[in-house]
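The structure appears right after this line, and notes come after that.
Here the structure is a predicted model, which is why all the values come from computation and not from measurement. Throughout, protein chains are lettered first and strands after them, A, B, ... in sequence-line order, and every chain is numbered starting at 1.
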There are 2 protein chains.
Amino acid sequence: MARVRISDVAAAAGVSTSTVSLVLNDRPGSRISEETRVRVREAAAAVGYTPNSIARGLRMQRTRTLGLVSDVIATTPFAGRMLAGAQDAAREHDHLIFLVNTDADPAVERDAIRALVDQQVDAIIYASMWHRVVETPEGLPNRSVFLDCRPAAGGHPAVVPDDLAGGRAAVRELVAAGHRRIAFADAEEVDPPVASGLRRQAYLEVLAEAGITPDPAWHVRGVDTTAVSGRAAAERLLDLPADRRPTAIFCFNDRMAAGVYVAARHRGLEVPADLSVVGYDDQQLVAGELDPPLTTIALPHYEMGRWATEVALRVRAPPVTDQTYLMPCPIIRRDSVSSPPAAAANSSRRRA
Amino acid sequence: MARVRISDVAAAAGVSTSTVSLVLNDRPGSRISEETRVRVREAAAAVGYTPNSIARGLRMQRTRTLGLVSDVIATTPFAGRMLAGAQDAAREHDHLIFLVNTDADPAVERDAIRALVDQQVDAIIYASMWHRVVETPEGLPNRSVFLDCRPAAGGHPAVVPDDLAGGRAAVRELVAAGHRRIAFADAEEVDPPVASGLRRQAYLEVLAEAGITPDPAWHVRGVDTTAVSGRAAAERLLDLPADRRPTAIFCFNDRMAAGVYVAARHRGLEVPADLSVVGYDDQQLVAGELDPPLTTIALPHYEMGRWATEVALRVRAPPVTDQTYLMPCPIIRRDSVSSPPAAAANSSRRRA
DNA sequence: TTGAAAGCGCTAACAC
DNA sequence: GTGTTAGCGCTTTCAA
């Protein structure tokens with residue numbers, strides 16, 4: 001069965017195609033009699049007409065489609081919320097999203113961007129899986145926005161998580177619980193993620209504002225950001241002499257926090273009674289299902305996805321001065337933070 | 001800057017647009033002199049011409065786009081592999097994918113399908129997050145394929161995981177390790193997932209083929225399939241008298257297995273020395289990061305995504321007799337299975 | 001071997 | 001108020 005075209009409804013209503021177009025698109029300037037309006041509408045409904053978006057796109061030079069190109073975003077557990085935010089925003093404004101994964105392959109990326117441009121997408125959202133600084137890909141249309149990454153050269157709106165503020169919230173949570181010996185289980189040293197530097201800065205700032213001089217041994221790094229690395233980092237921390245041993249660990253992410261749990265358990269330490277832990281990411285199926293559930297800082301993926309899409313659709317204005325917007329990361333309080341054990345608190349007071 | 005059109009390269013090459021089209025599309029029947037061919041190609045490259053897919057789509061009645069509509073797939077950790085498989089297949093055949101999430105809202109779904117049809121997508125892939133039996137949505141084009149779900153009414157190609165074979169592999173793994181008292185921590189009783197019935201059937205079959213008469217108390221269910229439910233289910237199992245207590249638990253999924261770990265740990269039981277555990281799903285960031293890493297059955301999301309796309313693209317023929325294809329679920333051996341503790345083995349032998 | 005012309009389905013000037 | 005016409009950018013007969 002062939003699709004029904006505008007000419008079919010025109011014939012059915014006994015009018016011209018332009019009249020049909022006019023009433024169906026409800027152009028304000030055009031004075032079509034109420035009588036023909038209803039006649040056309042009824043005819044359209046009767047024959048089951050819906051406009052061909054391709055034809056309309058060709059004519060209007062506007063397709064109401066968006067391209068979302070990402071490195072590996074859509075194939076990781078992180079991606080979901082970002083896509084959901086983008087989807088929701090797109091749907092609210094009657095747009096459809098082309099999703100393309102590049103697996104971080106430059107050739108694939110180039111082809112993808114070209115294919116999207118050839119499809120006449122109204123805008124491209126260039127997304128990353130982690131907060132990164134990226135080169136602006138060649139061929140990227142002017143009307144693009146960066147999601148969870150920032151173009152080194154600027155020139156485009158971008159949204160990234162506010163890792164500095166999030167890191168501060170994490171460490172302040174620990175300070176507020178009475179901890180003085182607070183460690184930071186950081187990401188890898190070589191080519192560390194942008195978030196690493198920011199969260200470390202936050203860690204240092206908050207300790208300083210709390211009048212705590214950090215023991216350099218409290219800053220440890222994994223070889224990556226997996227649970228295995230988290231566990232190894234925690235081992236080193238827990239090997240410290242009793243009076244320098246941290247009573248709380250701020251972890252670069254939830255996976256490392258999971259590793260910290262394992263290390264603690266293997267030493268007979270209880271979280272949070274013996275060791276408080278704060279993660280980062282609020283990763284689905286990790287943070288909430290640890291035992292005990294992990295207090296953490298949420299990465300605002302949904303909100304970032306929505307923001308990027310709304311800016312791409314020009315329904316939200318990007319920040320004017322600095323084009324990159326820092327999305328707040330809320331703290332999610334669960335059960336992995338308590339006050340430090342009494343002994344540690346005493347020893348800490350003695351040192352202070 | 002306006003896009004360069006085919007007329008621009010025609011002018012640059014001093015030929016007509018039809019000639020340009022002919023050489024650029026390399027139509028076999030057309031005899032264009034080699035000389036003009038190179039002239040056209042050079043001109044096209046010089047002006048940076050790439051064809052407008054929208055115009056081409058209108059003319060050819062074929063857009064080289066696909067719609068992928070799903071309930072919540074793209075927003076869950078499961079989805080990634082499925083999307084990756086679909087993406088890879090689509091890219092190999094020069095197609096772009098529109099991704100739409102419906103959040104299982106029928107109105108959203110209806111609108112999405114219509115929007116996709118209006119976009120003249122070449123096919124629609126209708127995907128689910130879990131193996132389900134679904135009603136064929138109204139308005140779904142003939143050329144659609146079902147992914148991780150099966151239309152109750154049939155009539156379309158579909159691919160789902162082979163949960164029966166996967167379940168058998170899981171339980172056989174336990175039998176092969178020497179277990180006789182094997183429990184099944186199943187999903188919820190009311191409106192259980194399709195996989196629940198299949199895996200239970202597999203459990204029963206394998207016990208029977210091993211000459212084991214299952215204690216009915218070994219089949220327990222959660223109120224859902226979370227870690228909390230898994231833990232509760234394990235508590236009940238471990239509360240059984242010593243001679244009926246299972247030495248191994250096959251879990252409906254990895255999350256429940258994580259809960260089983262927690263229950264075991266709280267009783268001072270070690271996995272796998274005291275209790276062997278097999279999961280299902282091979283869920284990223286769960287199965288591999290448990291302590292010890294979980295032996296499980298992988299859900300072949302990537303392969304299913306690829307299969308569905310290839311069938312949608314007609315580059316792979318669907319099964320002719322039964323239109324739904326059962327994708328094998330491979331076992332992933334890690335460290336959560338060992339032979340049963342000696343005492344249990346003895347008691348089991350005594351019982352046998 | 002190449003060009004002219006028609007037309008995919010739609011919208012928007014411009015007539016009437 | 002409504003219809004006629006042109007044209008979005010491309011492919012594909014058909015003629016030359």
Side-chain angles (χ1 to χ4, degrees), chain A residues 1-41 43-44 47-65 114-115 117-122, chain B residues 1-41 43-44 47-65 114-115 117-122:
Chain A
M1 53 169 199
R3 267 185 70 94
V4 9
R5 293 148 306 175
I6 197 171
S7 59
D8 296 320
V9 5
V15 295
S16 72
T17 60
S18 34
T19 299
V20 175
S21 175
L22 255 15
V23 352
L24 259 26
N25 290 305
D26 217 14
R27 283 275 164 283
S30 62
R31 305 237 160 269
I32 306 278
S33 74
E34 191 54 34
E35 187 202 2
T36 47
R37 298 186 100 87
V38 305
R39 192 145 45 86
V40 166
R41 275 198 249 274
V47 299
Y49 171 74
T50 59
N52 178 326
S53 302
I54 294 298
R56 183 192 288 217
L58 180 58
R59 178 62 232 240
M60 311 245 283
Q61 302 289 65
R62 180 135 189 283
T63 55
R64 304 191 78 85
T65 61
R114 180 192 307 198
V117 168
D118 290 348
Q119 284 289 344
Q120 315 288 114
V121 295
D122 293 339
Chain B
M1 56 176 194
R3 266 185 71 92
V4 8
R5 292 149 305 173
I6 198 171
S7 59
D8 295 321
V9 6
V15 296
S16 71
T17 60
S18 29
T19 301
V20 176
S21 175
L22 255 15
V23 352
L24 259 25
N25 290 305
D26 217 14
R27 283 274 162 283
S30 61
R31 307 230 160 274
I32 305 279
S33 74
E34 190 54 35
E35 186 202 1
T36 48
R37 297 187 102 87
V38 304
R39 194 147 41 85
V40 166
R41 273 197 251 274
V47 299
Y49 172 73
T50 59
N52 178 323
S53 302
I54 295 296
R56 182 191 288 216
L58 179 60
R59 177 64 232 236
M60 312 241 284
Q61 303 288 66
R62 181 139 187 282
T63 54
R64 304 191 79 83
T65 61
R114 179 189 310 195
V117 169
D118 290 347
Q119 283 289 342
Q120 314 290 114
V121 294
D122 293 340

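- Put simply, OG1 on B/T65 and CD1 on B/I54 are 8.5 Å apart, with the number rounded to the nearest 0.5 Å.
- One finds the CD atom of B/Q61 at 6.5 Å from the CG atom of B/L58 (value rounded to the nearest 0.5 Å).
- Rounded to an integer number of Å, the gap from B/N52 CG to D/dG9 C1' is 6 Å.
- The nearest whole Å value for the distance from the CG atom in B/L22 to the C1' atom in D/dT11 is 9 Å.
- Across C/dA12, C/dG9, D/dC10, the shortest atom-to-atom separation from the side chain of A/M60 is found for C/dA12.
- When rounded to the nearest whole Å, the span between CD1 of A/I6 and P of C/dC8 equals 14 Å.
- Of the N and O atoms on the side chains of B/T19 and B/S16, at least one donor lies less than 3.5 Å from an acceptor on the other residue.
- Residue A/L24 contributes atom CG, which lies 16 Å from atom C1' of D/dT2 at whole-angstrom precision.
- No side-chain heavy atom of B/V117 sits less than 4.5 Å from a side-chain heavy atom of A/T50.
- We find that CD1 of B/I54 is positioned 12 Å from P of D/dG9, with the value rounded to whole Å.
- In the set C/dG9, C/dT11, D/dC10, C/dT11 carries the atom at the smallest distance from any side-chain atom of A/R59.
- Side-chain nitrogen and oxygen atoms of B/Q61 include none within less than 4.0 Å of the OP1 or OP2 phosphate oxygen of D/dT11.
- A donor and an acceptor atom never sit less than 3.5 Å apart when one is taken from the side chain of A/S21 and the other from the base of C/dA12.
- For A/R3 and B/D118, the salt-bridge test passes: some basic side-chain N is under 4.0 Å from an acidic carboxylate O.
- Of the candidates C/dG3, D/dT2, D/dT12, the closest approach to any side-chain atom of A/T19 belongs to D/dT2.
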Take A/Q120 and B/N52 through the side chain to side chain contact (heavy atoms under 4.5 Å, CB included) test and state the conclusion after the steps.
CA-CA 7 Å; A/Q120 315 288 114; B/N52 178 323; 3.4 Å; yes
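- Between the side chain of B/R37 and the main chain of B/I32, a donor-acceptor pair closer than 3.5 Å is present.
- Two residues are said to be in side-chain contact when any heavy atoms from C-beta on lie closer than 4.5 Å; A/Q119 and A/T63 fail this criterion.
- B/S33 comes within contact range of the sugar-phosphate backbone alone, with a heavy-atom separation under 4.0 Å but no base atom that close.
- D/dC10 atom C1' lies 13 Å from atom CG of B/D8, rounded to whole Å.
- A/D26 places its CG atom 15 Å from the C1' atom of C/dT11, with the value rounded to the nearest Å.
- Nearest to the side-chain atoms of A/R5 among the listed nucleotides D/dC10, C/dT11, C/dG9 stands C/dG9.
- Between D/dT11 and B/N25, a contact under 4.0 Å exists linking OP1 or OP2 to a side-chain N or O.
- Applying the 4.0 Å criterion to OP1 and OP2 of C/dT11, one finds that A/R56 has a side-chain N or O inside that range.
- Going from atom CZ of B/R64 over to atom P of D/dC10 covers 16 Å, rounded to whole Å.
- Closest approach to the A/S18 side chain among D/dT11, D/dT2, C/dA12 is made by C/dA12 (side chain taken as heavy atoms from C-beta onward).
- The C1' atoms of five pairs define one axis at each end of the helix from C/dT1-D/dA16 to C/dC16-D/dG1, and these two axes lie 50° apart (to 10°).
- Closest to the A/V15 side chain, of the nucleotides D/dG3, C/dC10, D/dT11, is D/dG3.
- In this model, no side-chain donor or acceptor of B/T36 finds a partner on the base of C/dT2 within 3.5 Å.
- Listed nucleotides C/dA13, C/dC10, C/dG3 differ in distance to A/Y49; the shortest reach to its side chain belongs to C/dC10.
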